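As structure tokens, the structure follows; a few thoughts come after it.
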Amino acid sequence: MIELGLMHAYDFTRIAKALADPRRFGILQAIATRGDAQCGEIFSCANITPATMSHHVRELEQAGLIGTAREGKHLRLTFRPETVRAYVDHLRESFRLPS
């Protein structure tokens with residue numbers, strides 16, 4: 001996956017794709033504002049089917065933007081700010097933008 005300071009094109013593309021979907025972006029924002037949340041908390045706000053929620057969670061997890069942990073019947077979603085930082089740093093470096 002992603003090593004801080006180094007980002008492979010595959011990782012960068014996967015993150016960009018995950019962030020490009022407005023619904024996924026909204027789900028990620030909801031998780032990030034809480035730091036972590038149970039999937040059901042986010043699902044109830046998202047107004048989508050369980051299958052769609054599952055798909056979006058899987059995409060966010062595979063992109064490294066969230067972590068997941070099973071807690072009994074529930075799934076805990078945790079925001080991973082280090083991935084967002086690495087992504088932004090890669091953009092900054094790619095376009096030679098000042099920090």
Side-chain angles (χ1 to χ4, degrees):
M1 179 65 69
I2 298 167
E3 294 177 32
L4 299 182
L6 277 179
M7 181 172 288
H8 298 285
Y10 178 79
D11 294 322
F12 183 80
T13 302
R14 182 166 271 206
I15 294 167
K17 179 183 172 196
L19 293 174
D21 183 280
R23 206 168 259 161
R24 267 194 296 271
F25 190 85
I27 291 167
L28 183 63
Q29 278 184 310
I31 298 165
T33 58
R34 291 171 172 84
D36 70 342
Q38 283 188 347
C39 192
E41 295 170 357
I42 304 300
F43 173 72
S44 64
C45 302
N47 196 23
I48 56 177
T49 67
T52 301
M53 182 67 174
S54 178
H55 169 73
H56 288 315
V57 165
R58 191 173 334 109
E59 290 290 325
L60 291 168
E61 182 180 30
Q62 289 176 344
L65 293 164
I66 64 170
T68 61
R70 186 92 19 222
E71 293 179 346
K73 291 183 177 182
H74 303 284
L75 188 63
R76 175 140 316 267
L77 309 173
T78 305
F79 178 59
R80 297 190 59 212
E82 65 277 5
T83 301
V84 175
R85 277 190 213 101
Y87 179 77
V88 170
D89 288 346
H90 186 84
L91 277 174
R92 195 175 283 126
E93 218 174 272
S94 296
F95 294 105
R96 294 188 170 103
L97 300 173
S99 298

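When a residue number appears, it is its place in the shown sequence, counting from 1. Hydrogens, waters and symmetry mates play no part in the numbers below; they use all other heavy atoms, side chains included. As the structure is a computational prediction, the values presented were derived from the model and not from experiment.
The two residues Ala63 and Ile15 come nearest to each other via the heavy atoms O-CG1, 3.4 Å. Between Leu77 and Cys39 the shortest heavy-atom distance is CD1-CA, 3.8 Å. Taking all atoms of both residues into account, the shortest heavy-atom contact from Thr83 to Gly64 is OG1-O, 2.6 Å. Between Leu65 and Leu28 the shortest heavy-atom distance is O-CD1, 3.9 Å. Residue Arg34 comes nearest to Cys45 through the heavy atom pair NH2-SG, 4.2 Å, listed as atom of the first residue, atom of the second, then distance. Scanning both residues, Met53 and Ile27, for their nearest heavy atoms gives SD-CD1, 3.8 Å.
Residue Arg24 holds its CZ atom at 6.5 Å from NZ of Lys17, rounded to the nearest 0.5 Å. Here the straight-line distance linking atom OG1 of Thr68 with atom CG of Asp36 works out to 12.0 Å at 0.5 Å rounding. One distance of note links CD of Glu61 with CG of Leu75; it measures 7.5 Å at 0.5 Å rounding. Taken from OG1 in Thr13 to NE2 in His8, the straight-line distance is 12.5 Å, to the nearest 0.5 Å.
Applying the ring pair (Phe, Tyr, Trp, His ring centres under 6.0 Å) test to pairs two or more places apart or on separate chains, those with a residue in residues 56-88 are Phe12-Tyr87. Residues in residues 62-71 take part in these salt bridge (Lys or Arg N to Asp or Glu O under 4.0 Å) pairs, two or more places apart or across chains: Glu71-Arg76. Annotation: side-chain hydrogen bond (donor to acceptor under 3.5 Å, both in side chains) contacts involving residues 40-53, sequence neighbours excluded, comprise Thr49-Thr52. Pairs of residues two or more places apart, or lying in two chains, never qualify as ring pair (Phe, Tyr, Trp, His ring centres under 6.0 Å) while including a residue from residues 13-55. For residues 45-57, no pair satisfies salt bridge (Lys or Arg N to Asp or Glu O under 4.0 Å), with sequence neighbours left out.
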What do the steps show when you test Ile66 against Val57 for side-chain contact (heavy atoms from CB on, under 4.5 Å), and what is the final call?
CA-CA 8 Å; Ile66 64 170; Val57 165; 4.0 Å; yes
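Partners of Arg92 according to the side-chain hydrogen bond (donor to acceptor under 3.5 Å, both in side chains) rule, which considers only residues two or more places apart in sequence or in another chain, are Asp89. Residues satisfying the side-chain hydrogen bond (donor to acceptor under 3.5 Å, both in side chains) criterion with Thr78, sequence neighbours excluded, are absent altogether. Taking the side-chain contact (heavy atoms from CB on, under 4.5 Å) definition, one finds that Tyr10 meets it with Arg14, sequence neighbours left out. Not counting sequence neighbours, the partners of Arg85 by the side-chain contact (heavy atoms from CB on, under 4.5 Å) test are Pro81, Glu82. Here Ser54 pairs with Arg58 under the side-chain contact (heavy atoms from CB on, under 4.5 Å) rule; sequence neighbours left out. With sequence neighbours left out, Thr33 forms a side-chain contact (heavy atoms from CB on, under 4.5 Å) with no residue at all.
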